[in-house]
There are 2 protein chains.
Amino acid sequence: MQEIEKKVTYSIGQFATIVGLSAPTIRYYEREKLLNPHRDHADRRYFTKTDVSWVKFLLHLKGTGMSIQELKLYVKWRAQGDATIPNRLALLKETRNDFMEKYRQVQHHLQILNDKISWYEKKETGASHTEEPFGDYLTRIGHSE
Amino acid sequence: MQEIEKKVTYSIGQFATIVGLSAPTIRYYEREKLLNPHRDHADRRYFTKTDVSWVKFLLHLKGTGMSIQELKLYVKWRAQGDATIPNRLALLKETRNDFMEKYRQVQHHLQILNDKISWYEKKETGASHTEEPFGDYLTRIGHSE
DNA sequence: GATTGACTTAAAGTCCACTTTAAGTTGTAA
DNA sequence: TTACAACTTAAAGTGGACTTTAAGTCAATC
């Protein structure tokens with residue numbers, strides 16, 4: 001049963017749909033050496049379930065802020081074997097550090113956005129007599145800046 | 001005392017430093033009509049504390065995912081007065097919705113990144129006999145995909 | 001056997017948010 | 001009064017991550 005499953009392959013179009021990218025993007029990733037699909041007798045790419053997992057993993061890394069260049073580096077190191085594990089680990093930890101920093105900032109941005117929405121809602125409801133400036137409002141609720 | 005405070009002004013260079021942008025970026029924002037600073041007798045821009053608060057607020061919105069185009073729209077509506085409050089509120093709420101969606105995705109990306117780091121750390125420590133593939137590891141800890 | 005749709009390539013184009021360049025003006029300090 | 005830093009403008013350039021174009025190949029269906 002698993003023997004049968006392992007033979008499943010996808011064309012670039014199918015693969016692109018599965019992973020949520022466009023076919024040109026898949027080709028672009030291949031040019032950047034993030035992927036290297038198999039080729040059939042007519043030189044057409046085909047992809048396996050392993051490729052699906054792999055690109056999904058890359059997209060997770062990308063989603064935490066890694067650039068294409070950093071992904072390339074990671075992929076290069078990976079191809080060089082276990083000796084580069086410290087390099088890869090360092091890269092991932094740095095990525096996580098940068099991510100956490102941005103994450104904190106973004107939470108603050110969200111807080112201000114929420115405050116502004118509340119302020120507008122209050123203004124809409126309270127009609128005319130509610131004329132408190134947004135800056136004062138922020139200070140009052142303890143979110144100055 | 002507040003009378004004195006109110007007269008504080010900043011040159012574009014000082015202002016840029018305060019808000020954490022470059023002077024050319026400030027000029028760019030002005031071209032995009034997000035800002036409009038005062039001018040002195042020699043046609044040089046000067047900025048007030050109100051401008052500082054305003055650009056900081058814009059940067060909070062930007063930080064939640066609003067594009068320059070969306071900020072321009074917001075600013076345009078703002079200039080049109082209270083009649084556009086519903087428009088602004090709708091824009092901010094849409095921004096928040098999009099933000100929350102991305103936020104959830106990004107949390108998942110982070111989880112996978114963390115898992116990968118743990119997996120490498122385990123591999124580094126456990127040395128040779130720890131040969132569990134990452135996919136299996138994810139499944140085992142309940143973070144498949 | 002012709003049409004269709006999905007594939008192939010290399011190269012050029014796009015979008016966003018700035019950044020840099022080039023040429024010139026102004027206020028202060030030596 | 002000359003040097004210098006900080007400002008002014010319009011326009012061109014940059015970087016990242018794709019996307020589009022153009023010209024062609026191939027396999028399956030009518």
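Quick note on labels: first sequence line is chain A, next is B, and so on, each numbered from 1. Values below: all heavy atoms of this structure, side chains included; hydrogens, waters and symmetry mates excluded.
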Atom [atom1] of [X] and atom [atom2] of [N]: how far apart are they, to the nearest Å?
X	N	atom1	atom2	result
B:Leu58	C:dA17	CG	C1'	15 Å
B:Leu61	C:dA17	CG	P	14 Å
A:Glu32	D:dT19	CD	C1'	14 Å
B:Phe15	D:dT8	CZ	P	12 Å
A:Gln14	C:dC7	CD	C1'	12 Å
B:Leu71	C:dC16	CG	P	13 Å
B:Tyr46	D:dT8	OH	C1'	17 Å
A:Gln69	D:dG15	CD	P	12 Å

For residues 81-91 of chain A, please give each side-chain donor-acceptor pair under 3.5 Å, one per line with the distance, not counting sequence neighbours.
from    : atom 1 : to       : atom 2 : distance (Å)
A:Thr84 : OG1    : A:Trp77  : O      : 2.6
A:Thr84 : OG1    : A:Gly81  : O      : 2.9
A:Thr84 : OG1    : A:Arg88  : NE     : 3.2
A:Thr84 : OG1    : A:Arg88  : NH2    : 3.2
A:Asn87 : ND2    : A:Thr84  : O      : 3.3
A:Arg88 : NH1    : B:Tyr120 : OH     : 2.9
A:Arg88 : NH2    : A:Gly81  : O      : 2.8

Between protein and nucleotides 18-27 of chain C, map the contacts as a letter string: B base, S sugar-phosphate only, - none, heavy atoms under 4.0 Å, written 5' to 3'.
BBB----BBS
Contact class for A:Arg27 (heavy atom, under 4.0 Å): base, sugar-phosphate, or nothing?
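Result for A:Arg27 = base.
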Are A:Glu30 and A:Lys72 within salt-bridge range, i.e. N to O under 4.0 Å?
no
N-O pairing of A:Glu121 and A:Lys116 below 4.0 Å:
no
Is a side-chain donor or acceptor of A:Gln107 paired with a backbone partner of A:Arg104 at a separation under 3.5 angstrom?
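No: the side chain of A:Gln107 does not pair with the backbone of A:Arg104.
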Carefully, step by step, assess A:Val75 and A:Leu58 under the rule side-chain contact (heavy atoms from CB on, under 4.5 Å).
CA-CA 9 Å; A:Val75 170; A:Leu58 287 182; 4.2 Å; yes
Could you go through A:Ser22 and A:Thr25, starting from their C-alpha distance and side-chain angles, then the distance that decides it, and tell me whether this counts as side chain to side chain donor-acceptor pair (under 3.5 Å)?
CA-CA 5 Å; A:Ser22 70; A:Thr25 300; 2.8 Å; yes
